[in-house]
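So the structure is just underneath, and the comments pick up after that.
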Amino acid sequence: MYINGEWVGEGFETIDVTNPANGELIGKVPFAGEEETNKAIDAAHNAFKEWSGLTAYERADYLQKLYQLMMEHQEELAEIMTLEMGKPIKESRGEVQYAASFIEWFAEEGKRVYGETIPSHLRNKRLQVWKKAVGVVAAITPWNFPAAMLTRKMGPALAAGCTVVIKPSSESPLSAIKLMELCEKAGFPEGVVNLVTGSSSKIAKAIMENKKVRKITFTGSTEVGKILIRQSADQVKKLSLELGGHAPMIVLDDANVDAAVKGAVASKFRNTGQTCICANRIYVQSGIYDEFVEKFAAAVKELKVGNGIDESVDVGPLINKAGHEKVSNHVDDAVSKGATVVTGGKSLSEADHGAFYMPTVIKDVSESMIVMQEETFGPVAPVQKVETEEEAITFANSTPYGLAAYVFTENVARGMRVIEQLDFGIVGWNEGAPSAAQVPFGGMKESGVGREGGHEGIDAFVESQYVAIGME
Ligand code: NAP
């Protein structure tokens, strides 16, 4: 753990971090709780006054240094990521670049946190809006993007003048620890960035009960997000939530089928299907259904499965046995209710380790199947035939989630008409990979509150302070 500029960890019980590709133990991190969390919060609180008092230009210098260090250590960060959570190494390199881009972009965006001067209704009064850093921020992150989900919070928080206490996922804490090392190298003053590992419920309790924490930013499941909403009520803590998804992909008759197949493969199988914006349900209009299924299955058959550290691997292991079981159950349920497996549909687990599943396409699915109702978080693509654009929109919106959706059509008016009716915070139109540092990322409905990235991403870490100035 990294608390007040010091490394802490001796004498704690530990959590094993294992490689999901082979079950090997690759590290141990402290299993800490409330005491260390409160120490980290105190450190962040003590550092806040000085850090928020720096100019945005001074804070940007630290962030730019961190960006440079991340790029210099890209390979090392990528290897750690692949070892701790199984992501294919070429994707891990991409994630490090993506993660670093948030630090670089927000270093600059911090210089554009403008206030406002509002025309007054009286000659002897001036009306202004000033911007203030929120204060100490607690950031809780998931395992599936162990670096990017952290920097997407840390970048804007630090740029705005906040100090942070980070709690990474116990499944993949090593990337976060490496990032702390780089923060130390970049020379951030002590207490500005802190990291604790351990019991999520105890750490969350300390965060919720400590009045010094003014803001919580969380990425993870909707289930845990709802717990945090309830727990944060007592102190009315500010909350940003990036939660689960169940993304529909709509492929209409006039789509470029090859582009749709490429988009579907990119969106569905990235990170072994374990991203919040993975296409989870594919609705294809009847005129091109057979052609799409045939070409999609052919492309999916080409994907190589294996240990992500191998350069040629496209699809790695699931994060753990529970993840593997969920995927397997979704496929079995669909088949038992009448779906047909076009390719895959089988586990590739070895006797002693159960994390691999074949990249899978199933067709003739229907709304009664679990795979069409819940986030699968695995390499399974269910394809459902639809007759009309209206039917596709109705199916797409029939979920409590509202994170990402995809639409494939070459007809501009049709694309606009369909997208306007979709209740999703992010839409890829003829595009399977919409994420970038400079755009607002986030969900409608039960997929979250707020946006990360883009200029909205920094708004989450500043408060407006309205100042009325008398001129007598
Ligand atoms: P998760 O189980 O909700 O865990 C996320 C984080 O919360 C982890 O650090 C976890 O710690 C911690 N946590 C667990 N229980 C907690 C509690 N009671 N109080 C406070 N913290 C708690 O999610 P995950 O399995 O790591 O990640 C996958 C989920 O994240 C999926 O639903 C995915 O869609 C979503 N996600 C969303 C976005 C987005 O931008 N919207 C991006 C990526 C992922 P431990 O690991 O130590 O238990």
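Every number for a ligand or one of its atoms is a count from 1 in the order of the listing.
- Only the side chain of Met149 comes within 4.0 Å of ligand 1, judged by heavy-atom distances.
- With Val29 as the partner, the side-chain contact (heavy atoms from CB on, under 4.5 Å) test is satisfied by one option alone out of Thr14, Asp16, Ile15: Ile15.
- Atom NZ of Lys205 has 12 or fewer heavy atoms from other residues, nucleotides or ligands within 6.0 Å.
- In this structure, Pro168 has a heavy atom closer than 4.0 Å to ligand 1.
- Each of the following atoms of ligand 1 lies closer than 4.0 Å to a heavy atom of Ile140: 6 (C), 7 (O), 9 (O), 12 (C).
- For the pair Trp429 (side chain) and Phe408 (backbone), a donor-acceptor distance under 3.5 Å is absent.
- In this structure, the protein non-hydrogen atom closest to atom 25 (O) of ligand 1 is Trp143 NE1, 2.9 Å.
- Atoms of ligand 1 lying under 4.0 Å from at least one heavy atom of Ala204, given by number and element, are 19 (N), 20 (C).
- Ligand 1 has a nitrogen or oxygen under 3.5 angstrom from a nitrogen or oxygen of Ser170.
- Taking atom 38 (C) of ligand 1 as the reference point, the nearest protein heavy-atom neighbour is Cys276 SG, 3.0 Å.
- Considering backbone and side-chain N/O of Gln231, none are found under 3.5 Å from N/O of ligand 1.
- The shortest N/O to N/O separation between Thr141 and ligand 1 falls below 3.5 Å.
- Inclusion of Lys167 in the set of residues having an N or O under 3.5 Å from an N or O of ligand 1 is warranted.
- Residue-to-ligand polar distances place Ser221 within reach of ligand 1: an N/O pair is separated by less than 3.5 Å.
- Under a 4.0 Å heavy-atom criterion, Arg152 is in contact with ligand 1.
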**OP:** Determine, step by step, whether Glu242 and Cys276 satisfy the side chain to side chain contact (heavy atoms under 4.5 Å, CB included) criterion, reporting the C-alpha distance in whole Å, the side-chain angles of both residues, the deciding distance to 0.1 Å, and the verdict.
**Re:** CA-CA 9 Å; Glu242 293 285 342; Cys276 51; over 6 Å; no
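- Taking the six-membered ring for Trp and thresholds of 30 and 60 degrees, Trp51 and Phe188 have ring planes inclined between 30 and 60 degrees apart.
- Cation-pi geometry between Lys346 and Tyr357 is not satisfied (NZ or CZ under 6.0 Å from the ring centre, within 45° of the ring normal).
- When distances from atom 41 (N) of ligand 1 to the protein are checked, a heavy atom turns up under 4.0 Å.
- Using cut-offs of 30° and 60° on the angle between ring planes, the pair Phe102 and Phe106 is parallel.
- Counting non-hydrogen atoms of other residues, nucleotides and ligands closer than 6.0 Å to CD of Glu367 gives a total above 12.
- Ligand 1 has a nitrogen or oxygen under 3.5 angstrom from a nitrogen or oxygen of Ser169.
- The residue from Asn194, Thr197, Val193 that alone fulfils the side-chain contact (heavy atoms from CB on, under 4.5 Å) condition with Ile166 is Val193.
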